[in-house]
Protein chains: 2
Amino acid sequence: MRIGELAERAGVSVRSLRYYEEQGLLTSTRSASGQRHYTDYEVERVTFIQRLYAAGLSSRTITELLPCVDSPSEEHSDAALERMGQERDRLTAHIADLAQTRDALDGLMTSARAYRDQLQAATSP
Amino acid sequence: MRIGELAERAGVSVRSLRYYEEQGLLTSTRSASGQRHYTDYEVERVTFIQRLYAAGLSSRTITELLPCVDSPSEEHSDAALERMGQERDRLTAHIADLAQTRDALDGLMTSARAYRDQLQAATSP
DNA sequence: CTTGCCTCTGACGTCAATGTCAGGTTTTAG
DNA sequence: CTAAAACCTGACATTGACGTCAGAGGCAAG
């Protein structure tokens, strides 16, 4: 498939796909005229890249980790493994932090709602 | 306290505090010479602002929600309540997404580690 | 008084992922 | 064949939360 179709199927912009290639996150075969061509496999790959981006990883970090994703059965450096561990731990901490923030929001909403309902009960008897 | 102390106690840069004020997230009393002064209360406030930033809220959104934080006992617009609900839901979804990503990383690490150990067992009998 | 540190305003720099535009080539549909 | 749509490269623009620097003033200690 060409770049437009991949973009639509993966739900990203064409521009982003070219950027990913520029960053070494994505490769493409080129037709004689120079157009990029992709296989179905790339759809998953792009969505996984997006997932890592959403998790706060940088292009550089993703570049370091993607080889492990491509061929999890080959030998990879312990450094890469350690890096994945670091990111996993960072994610865990971040998730806990977000959950705490969400709970804080919940608390605020609950008290605000209670106050509003109390007001309403007092003014419309 | 002055801005430097607040920055240190809240763990942010002086620059950030001035930026928060510029965005309407933080207020300060000014001495005759124009220096900003803060109370202990501002420490909590700044850390909470940081928390919201970390949760992906923008300055604009935080500006809309902070009045509810300041005085949860007063009446606030239903719009603000709805906004908080939206952000809460967005956070919930984001947390789930991150957890999924973390699990994916875990899976990759596990298989990579297993492969490595298998290799090692084969080469050092 | 002066030395050193803190603060002020204002403005420009940064970074990363993308948007956007220009000018040209390729592919597809009719 | 021709027009529309998709693609190419290359470059500049954008956004948000800051960093950083310049030039000037404030404030406690020796």
Side-chain angles (χ1 to χ4, degrees), chain A residues 1-39 42-43 45-66 83 87 90 94 97-98 101, chain B residues 1-39 42-43 45-66 87 90-91 94 97-98 101:
Chain A
M1 86 192 76
R2 291 190 299 168
I3 198 171
E5 187 179 345
L6 175 58
E8 190 171 3
R9 285 175 54 178
V12 305
S13 71
V14 167
R15 176 68 174 90
S16 294
L17 294 180
R18 288 199 268 251
Y19 176 74
Y20 296 166
E21 181 167 328
E22 191 183 318
Q23 297 300 308
L25 306 180
L26 194 61
T27 53
S28 58
T29 58
R30 298 296 188 109
S31 72
S33 62
Q35 298 205 342
R36 294 169 177 85
H37 284 267
Y38 303 95
T39 66
E42 256 77 34
V43 179
R45 186 182 179 90
V46 170
T47 56
F48 190 66
I49 291 173
Q50 283 277 309
R51 181 174 286 287
L52 293 181
Y53 270 126
L57 307 210
S58 69
S59 288
R60 225 178 87 72
T61 305
I62 298 178
T63 307
E64 290 174 30
L65 299 188
L66 273 185
R83 188 52 164 282
E87 295 299 334
R90 197 185 53 75
H94 190 48
D97 196 62
L98 291 186
T101 302
Chain B
M1 84 191 80
R2 292 191 298 171
I3 199 172
E5 189 180 343
L6 176 58
E8 191 172 2
R9 285 175 54 179
V12 305
S13 70
V14 167
R15 177 66 175 93
S16 295
L17 294 180
R18 288 200 268 252
Y19 177 74
Y20 297 164
E21 181 168 325
E22 190 183 318
Q23 298 299 309
L25 306 179
L26 194 60
T27 53
S28 58
T29 58
R30 298 295 189 110
S31 71
S33 62
Q35 299 203 343
R36 294 170 177 84
H37 285 267
Y38 303 95
T39 67
E42 256 76 34
V43 178
R45 186 183 179 89
V46 170
T47 56
F48 191 66
I49 290 173
Q50 283 277 308
R51 181 174 285 289
L52 292 180
Y53 270 125
L57 307 210
S58 69
S59 288
R60 225 177 86 72
T61 305
I62 298 178
T63 307
E64 289 174 31
L65 299 188
L66 274 185
E87 295 299 334
R90 198 186 52 75
L91 263 182
H94 190 49
D97 196 63
L98 291 185
T101 303

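The figures here come from the full heavy-atom set of this structure, side chains too, leaving out hydrogens, waters and symmetry mates. Below, read A as the first sequence line, B as the second, and so on, with proteins coming before strands; counting in each chain starts at 1.
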Self-check item: Test item: Glu64(A) side-chain N/O and Thr61(A) main-chain N/O as donor-acceptor pair under 3.5 Å
Solution: no
Quiz prompt | DNA chain C: 5'-proximal contact among Gln23(A) and Ala32(A) (nearest heavy atom) | solution = Gln23(A)
Quiz item: Whole Å only: how far is the CD1 atom of Ile3(A) from the P atom of dT26(C)?
Solution: 17 Å
Self-check item: Proximal nucleotide (of dA17(D), dT18(C), dA17(C)) relative to the Gln50(A) side chain
Solution: dT18(C)
Self-check item: Whole angstrom value for the distance that separates P of dT27(C) from NE2 of His37(A)
Solution: 8 Å
Quiz item: Between Thr29(B) and His37(B), is there a donor-acceptor pair closer than 3.5 Å when you use the side chain of the first and the backbone of the second?
Solution: yes
Quiz item: Does a donor on one side chain and an acceptor on the other come within less than 3.5 Å for Tyr20(B) and Ser59(B)?
Solution: no
Self-check item: Atom-to-atom span, CG of Leu25(B) to P of dG16(D) - whole angstrom
Solution: 13 Å
Quiz prompt | Length of the CD-P vector between Glu8(A) and dA5(D), whole Å | solution = 15 Å
Practice problem: Take atom CD of Glu21(A) and atom C1' of dC7(D), then tell me their distance rounded to the nearest Å. | Solution: 13 Å
What pairs of nitrogen or oxygen atoms, one from the protein and one from nucleotides 22-27 of chain D, lie under 3.5 Å apart?
unit_1: dG26(D); atom_1: O3'; unit_2: Ser33(B); atom_2: OG; d: 3.4

Self-check item: side-chain N/O Ser16(A) vs dT18(C) OP1/OP2, d < 4.0 Å
Solution: yes
Quiz prompt | Atom pair distance, as rounded to whole Å: CG in Leu6(B) and P in dC8(C) | solution = 11 Å
Self-check item: Side-chain touch Leu57(B)/Leu65(B), heavy atoms, less than 4.5 angstrom
Solution: yes
Quiz prompt | Side chain Ser28(B), main chain Tyr38(B), donor-acceptor under 3.5 Å | solution = no
N/O-N/O pairs, protein side and nucleotides 9-12 of chain C side, under 3.5 Å:
unit_1: dT9(C); atom_1: OP1; unit_2: Arg30(B); atom_2: NH1; d: 3.1
unit_1: dT9(C); atom_1: OP1; unit_2: Arg30(B); atom_2: NH2; d: 3.2
unit_1: dT9(C); atom_1: OP2; unit_2: Arg36(B); atom_2: NH1; d: 2.9
unit_1: dT9(C); atom_1: OP2; unit_2: Arg36(B); atom_2: NH2; d: 2.7

Quiz item: Heavy atoms, side chains only, cut-off 4.5 Å: are Leu17(A) and Glu21(A) in contact?
Solution: no
Quiz item: Between Thr101(B) and Ala55(A), what is the shortest heavy-atom contact and its length?
Solution: CG2-CB, 3.9 Å
Self-check item: Check: Glu42(B) side chain, Thr39(B) main-chain N or O, donor-acceptor pair, under 3.5 Å
Solution: yes
Quiz item: Ile49(A) CD1 to dT18(C) P: how many Å, rounded?
Solution: 10 Å
Practice problem: Please determine, for the side chain of Tyr20(A), which listed nucleotide (dG19(C), dT18(C), dA17(D)) has the closest atom? | Solution: dT18(C)
Self-check item: Close side-chain approach of Tyr19(A) to Val12(A), heavy-atom, < 4.5 Å
Solution: no
Quiz item: Is the distance from OP1 or OP2 of dA17(D) to the nearest side-chain N or O of Ser59(B) less than 4.0 Å?
Solution: yes
Exercise. May I ask you to evaluate whether Tyr19(A) reaches the phosphate of dT18(C), defined as a side-chain N or O under 4.0 Å from OP1 or OP2?
Key: no
